[in-house]
Amino acid sequence: MTVSTASATAAKAAPLEAGAARKAIDRVGLPGWIQAMPFGLVFLFFFVIPLILVVIVSFWDYNDYEMLPSFTTRSYTETFEGCLTQLPDLCTILKTYLSTVKFCFIVWVTTLIIGFTVAYFLAFYVRTVTMQMVLFLVCTIPFWTSNVIRMISWIPLLGRNGLINLALERAHLVDKPVEWLLYSPFSVGLAFTHLFTFFMVVPIFNSMMRIDRRLVEAAYDSGASAWQTLWNLIIPLCKPGIVIGSIFVVTIVMGDFITFDVMGGEQIASAGKVVETRLNALQFPPAAANAVILLVVTLMIIVGLNRIVDVRKEL
Amino acid sequence: MSMKHVKTAKGVSRRALLKGAAGIAGAAAGSGAITGFPYVWSQEDKVLRYLGTAVNQSDDITKKVKEDTGITIQNIVATTDDVTKRVITQPNSFDVLDTEYFSLKKLVPSGNILPMDAKKIKEFDNITPVFTKGQLPNGKVIGDQGTAPKKVMFLEGEHSTKFSATPTEWVTLIPTVYNADTLGIRPDLIKRPIEHWAELLNPEFKGKAAILNIPSIGIMDAAMVVESIGKYKYPDKGNMTKPEIDMTMGVLTEAKKAGQFRAFWKDFNESVNLMASGETVIQSMWSPAVTAVRSKGIPCIFQPLKEGYRSWASGFCMSKGVTPKQADMVYEFVNWYLSGWAGAYLNRQGYYSAVLSTAKANMEPYEWAYWMEGKPAEKDIHAPDGSLIEKAGAVRDGGSYDDRMGNVACWNAVMDENDYMVRKWNEFIAS
């Protein structure tokens, strides 16, 4: 993403150079499919083939210690067990997905609001490109440490005897420690927001930098208020960035289980966790089946997002 | 930056790279990493890849093995689940395996491991009868619910995948280490005696309890609670029927919905942190984890309970991929392991060793009295790494070997209905 933002700003400065480079490639005359092949092969071997294997395995049978190659829908039927008979009570898999999608939505809203605000500040309030780049890089600093460390560092802060509870008690705001700060939906949402807001900032900032500033001036000259400019001009033009950021956040949260475990005290269900539990019990076919279900649900969400904005057309 | 500049820069870096690569290759040849010289082999070859769960794997042991036998141990450390996964999917990635008895129900039918020949184990007859007969050295019979070692200790033949009810020459696992687990508590925060498993789900500790997030173990702790509150008496807590699983998970689910649990834990450090930070005051725990909390200066007790302990045990076997020469080395290593030094090392951490007599010979009398006989410590008790565990005068939680192992109620297990249980566990997490 940083490359594309950099090139976006660079492209304006030197369109000629880019054109020259394009011509140079044309002269070499390699057909397009050969140029695409290295990446295509990587995709084939490390994405397409493993995915096909996962789908195949999800239809295999299994026992305590091995997979039995045959065709059975056992892994799927058992996963969806009780989904019709238990109604109106929700079955396990629906409850799990409800919980996962709920977090997805909450995290999407919080990262979008914060990410959009940060990007807006960077793009429209910071005057010089140098300063923009400096501040943008500052945003990446947290990424110098690992995901898990950034997550775990919340625990001493939010715990029953953590810093926040200590401060609240010292200030006599509460007489008993606040329990919902840690190992709760709150802490999971907080950690997700902290971890993934940057994935919103980058594409939205990228979109904002492409907005022709003369449009903003025109809106101002035509008497639009700041709010009207934001709502009628900037947000519509940022849509591709918002959708790309949303895809990042949604896919990561849908497949996550470590954040759920560490921040939720392993008590909150998530789609990824079901796969993990099955894998740990050596039940590979149901793990594969749950992975396939997760993939389908996530793809459906992404297709839905693409319906709202055609990302390819907008880029 | 001009094109020309870029080119030279690239050229230089490539040359430097080649130089470096040649250097590395040269060093490798010089150091003997490139083989092909017959006389180098015999020395280089004494290497065993040792797959285990870190309980028995430490640098001290690796060093001592090398010193005494010349065998270089390459430790491969993984969680219990991952060890099992590795044996099933990559049986050639290790030579000697150290795993828990309850995993055997999954490992033995796969045919990926080889049993050990009892005749080649010098101390075999001195292995504690806890394993071979399910009794204490003094003859007291101990609880055998779940995967008690005696049920899965012997195979009908060398290449059989059937467990034998009576002792044979072919041993699935030569025992290394075992212990009796119970609840850990924070006496400073609970401020009253705890005597029963039922306390784990006592609403008094709402939001301050924790259990293991390993389904097969978590459900057994829950079963201890169910029996303790007098709700039900299981024929075998380690092998429940579907209705029993439903009922037990129901009890857990109710507690979870009422907010009984602060968190579930999966690894050693998590359990230490939960307890040390005061997030939990009562939880299922492992003995060295309790020691770890105490070594931070925080009071923590490995509380003996009326209903007894949940026990576990692990031991050694071989990969099916070993060569005859490697097999000899495995026997040499296992024989070394039972010869006392390692046993003493384990006993000093609060675990128990398989051959008591040899371990005793390698411990100071005051150490033996504290760890194994439940007597007050005559002198300060130190861990193998030298850190202070207890001051003189302290008594071990739960007392002597006979008191602790004698009160084992059940053993970690894999149930026949394991698949169903795992699905119910996912339902429990989602509730």
Tell me if the CZ atom of A:Phe71 is crowded by more than 12 foreign heavy atoms within 6.0 Å. yes

Give the interface residues of residues 51-69 of chain A toward chain B, defined by a heavy-atom separation under 4.5 Å. A:Tyr62, A:Asp64, A:Tyr65

Looking at A:Leu182, A:Ile93, A:Leu98, which one has more heavy-atom pairs under 4.5 Å with chain B than the rest? A:Leu182

Region of A:Gln267 in contact with chain B, defined by heavy-atom distances below 4.5 Å: both

Pick from A:Glu78, A:Lys273, A:Lys95, A:Glu81: which one has the most heavy-atom pairs with chain B under 4.5 Å? A:Glu78

Working to the nearest 0.5 Å, report the span between CG of B:Asn213 and CG of A:Asp261. 6.5 Å

Check: A:Asn280 side chain, B:Asp81 main-chain N or O, donor-acceptor pair, under 3.5 Å: no

Check each atom of A:Ile155 against the heavy atoms of chain B and say whether the ones under 4.5 Å are side chain, backbone, both or neither. neither

Taking every non-hydrogen atom, the tightest pair across A:Ala281 and B:Val422: CB-CG2, 3.7 Å

Heavy-atom pair with the smallest gap, counting every atom of A:Ala269 and B:Ala430: CB-CA, 3.5 Å

Between atom OG1 of A:Thr277 and atom CG of B:Asn426, what is the distance when rounded to the nearest 0.5 Å? 4.5 Å

Taking the side chain as every heavy atom from C-beta outward, state whether B:Phe261 and A:Glu266 have any pair of such atoms under 4.5 Å apart. no

Quick one: are A:Tyr183 and B:Leu274 in side-chain contact, heavy atoms under 4.5 Å? yes

Heavy-atom closest pair (B:Lys85 atom, A:Leu279 atom, distance to 0.1 Å) is CE-O, 3.4 Å

Is the closest basic N to carboxylate O distance between A:Glu179 and B:Lys208 below 4.0 Å? no

Residue part contacting chain A, namely of B:Ile88, when any heavy atom lies under 4.5 Å: side chain

B:Ser103 versus chain A, the contacting section by heavy-atom distance below 4.5 Å: neither

Heavy-atom pairs under 4.5 Å with chain B are the metric here; pick the option from A:Leu282, A:Val262, A:Thr96 that has the most. A:Leu282

Under a 4.5 Å heavy-atom cut-off, does chain A meet the side chain of B:Ser110, its backbone, both or neither? both

Any heavy-atom pair between the side chains of B:Arg423 and A:Thr79 that's under 4.5 Å? no

Find out whether B:Arg262 and A:Arg160 are in side-chain contact, i.e. whether some heavy atom of one side chain is under 4.5 Å from a heavy atom of the other. yes

Any A:Phe284 side-chain heavy atom under 4.5 Å of B:Thr89 side chain: yes

With a cut-off of 6.0 Å (strictly less than), are more than 12 heavy atoms of other residues, nucleotides or ligands near CD of B:Glu204? yes

